[in-house]
Number of protein chains: 2
Amino acid sequence: MTTQTLTRNQGLVLDVLSHSEGPLSAYTILDKLRDSGFRAPLQVYRALDKLLEFGLVHRLESINAFVACAHPDEGCHAHGITAFTICETCGKVTEFHDHVIEDRLKSFAKDRNFKTGKTTIEIRGTCAGCA
Amino acid sequence: MTTQTLTRNQGLVLDVLSHSEGPLSAYTILDKLRDSGFRAPLQVYRALDKLLEFGLVHRLESINAFVACAHPDEGCHAHGITAFTICETCGKVTEFHDHVIEDRLKSFAKDRNFKTGKTTIEIRGTCAGCA
DNA sequence: CAATTGATGTAATAACATTACATTTCAATT
DNA sequence: AATTGAAATGTAATGTTATTACATCAATTG
């Protein structure tokens with residue numbers, strides 16, 4: 001998956017996220033793209049939906065914000081469950097993948113015949129630099 | 001922690017959540033408490049804040065909703081990280097605790113000197129009954 | 001009983017997200 | 001090149017979730 005396959009709006013949104021230090025809300029993205037012609041929230045949300053689908057962006061459920069994937073070239077969907085640490089002081093987000101956690105969650109779900117869709121793992125706290 | 005220590009508003013909100021089949025949004029709780037004198041969202045949010053603090057209620061970040069704790073008598077905070085399955089069809093929420101996952105997350109955080117605050121683990125999907 | 005603290009009431013506003021509908025773009029096929 | 005169908009876009013309006021600000025009330029305590 002490369003940037004070339006993206007539409008103009010999708011590319012603009014991904015570009016903003018990729019160059020951002022930390023996660024951004026949809027409305028912050030909108031503001032940053034006013035000069036590029038964006039006028040309405042839906043333009044951002046639609047682009048984000050696609051980028052999420054492509055695995056190029058992640059949504060942080062606990063803070064209603066979005067970040068570019070840390071390794072978009074490999075296709076993040078291939079890495080299984082994505083987990084995050086989110087620094088509440090500086091906003092820094094670190095993405096990680098842990099197969100033990102993933103196996104454990106999968107086995108819990110399987111034991112109960114729960115069909116897993118999307119899984120959210122987010123640790124909010126204070127990063128090393130801000131401690 | 002018993003219900004007796006709660007204020008009127010806190011007790012009313014907890015009661016609504018305890019008797020609900022599934023998670024409720026703050027505004028749904030508000031509607032259910034209009035007859036009890038609730039008029040504004042803040043009355044709900046304030047009560048929820050305290051109930052969350054007491055470990056009597058959980059917030060489901062991925063669906064912006066709240067559920068009563070499955071074992072409030074023991075004080076849910078004592079159980080460490082709480083994880084959930086959330087059925088997107090019927091709304092049923094199951095709460096669980098897994099020490100392996102918890103240890104794994106803690107060790108990840110410790111390795112990076114990340115000071116853990118609240119951790120969110122939510123699996124959305126389809127429960128056995130709805131499959 | 002004054003002072004402090006925590007809880008409450010109310011209105012207004014901010015922040016986040018979706019619905020609805022009209023229009024345009026673009027690639028695949030004719 | 002014209003047709004056409006799917007995907008993307010533009011725009012306005014609205015719906016949903018959460019917070020700020022400020023006034024008041026109630027319980028505790030020094």
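Throughout, protein chains are lettered first and strands after them, A, B, ... in sequence-line order, and every chain is numbered starting at 1. Quantities reported herein were computed from a predicted structural model and do not represent experimental measurements.
With rounding to whole Å, B:D49 atom CG is found 15 Å from C:dG6 atom P. We find that CZ of B:R34 is positioned 12 Å from P of C:dT10, with the value rounded to whole Å. A straight line from CZ of A:F66 to C1' of C:dA15 spans 13 Å, rounded to a whole angstrom. Distance, A:I63 CD1 to D:dT19 P: 14 Å, rounded to whole Å. Rounded to an integer number of Å, the gap from CZ of A:F38 to C1' of D:dT9 is 10 Å. Atom CG in B:L24 sits about 15 Å away from atom C1' in D:dT16, given to the nearest Å. Straight-line distance from the CZ atom of A:R39 to the P atom of D:dA8: 22 Å, rounded to whole Å. In this structure, CZ of A:R8 is placed 17 Å from C1' of D:dA7, rounded to the nearest angstrom.
The side chain of B:Y45 lies closest to D:dA18 when the candidates are D:dA18, D:dA8, C:dA17. Comparing D:dA21, D:dA8, D:dT11 by their nearest atom to the side chain of B:L42 picks out D:dA21.
For C:dG6, its base never sits under 3.5 Å from the side chain of B:R46 at any donor and acceptor pair. Applying the 3.5 Å distance criterion, the base of C:dA14 shares no donor-acceptor pair with the side chain of A:Y27.
Cation-pi geometry between A:R104 and A:F108 is not met at under 6.0 angstrom from the ring centre and within 45 degrees of the axis.
An OP1 or OP2 oxygen of C:dG9 is reached within less than 4.0 angstrom by a side-chain nitrogen or oxygen of B:N9. Between B:N64 and the phosphate of D:dA18, there is a side-chain N or O to OP1/OP2 separation shorter than 4.0 Å. For B:T7 and C:dA7, the shortest distance from a side-chain N or O to OP1 or OP2 is not below 4.0 Å. Contact annotation: B:Q43 side-chain N/O to C:dG9 OP1/OP2 distance is under 4.0 Å. In terms of phosphate contacts, B:R59 brings a side-chain nitrogen or oxygen within less than 4.0 Å of OP1 or OP2 of D:dA18.
In this structure, A:L105 and B:F96 have side chains that are in contact, with non-hydrogen atoms separated by less than 4.5 Å.
Defined by atom type and a distance below 3.5 Å, a donor-acceptor pair is present between the side-chain atoms of B:T120 and A:R124.
Panel note: side chain A:Q43, backbone A:F38; no donor-acceptor pair is recorded below 3.5 Å. In this structure, the side chain of B:R34 engages the main chain of B:R39 through a donor-acceptor pair within 3.5 Å. With hydrogens and angles ignored, the 3.5 Å screen pairs no side-chain donor or acceptor of A:E122 with any backbone N or O of A:I86.
Inter-axis angle, ends of the helix from C:dC1-D:dG30 to C:dT30-D:dA1, five pairs per end, rounded to 10 degrees: 30°.
A side chain to side chain contact (heavy atoms under 4.5 Å, CB included) with B:H79 is found for one member of B:H99, B:H97, B:E95 and no other, namely B:H97.
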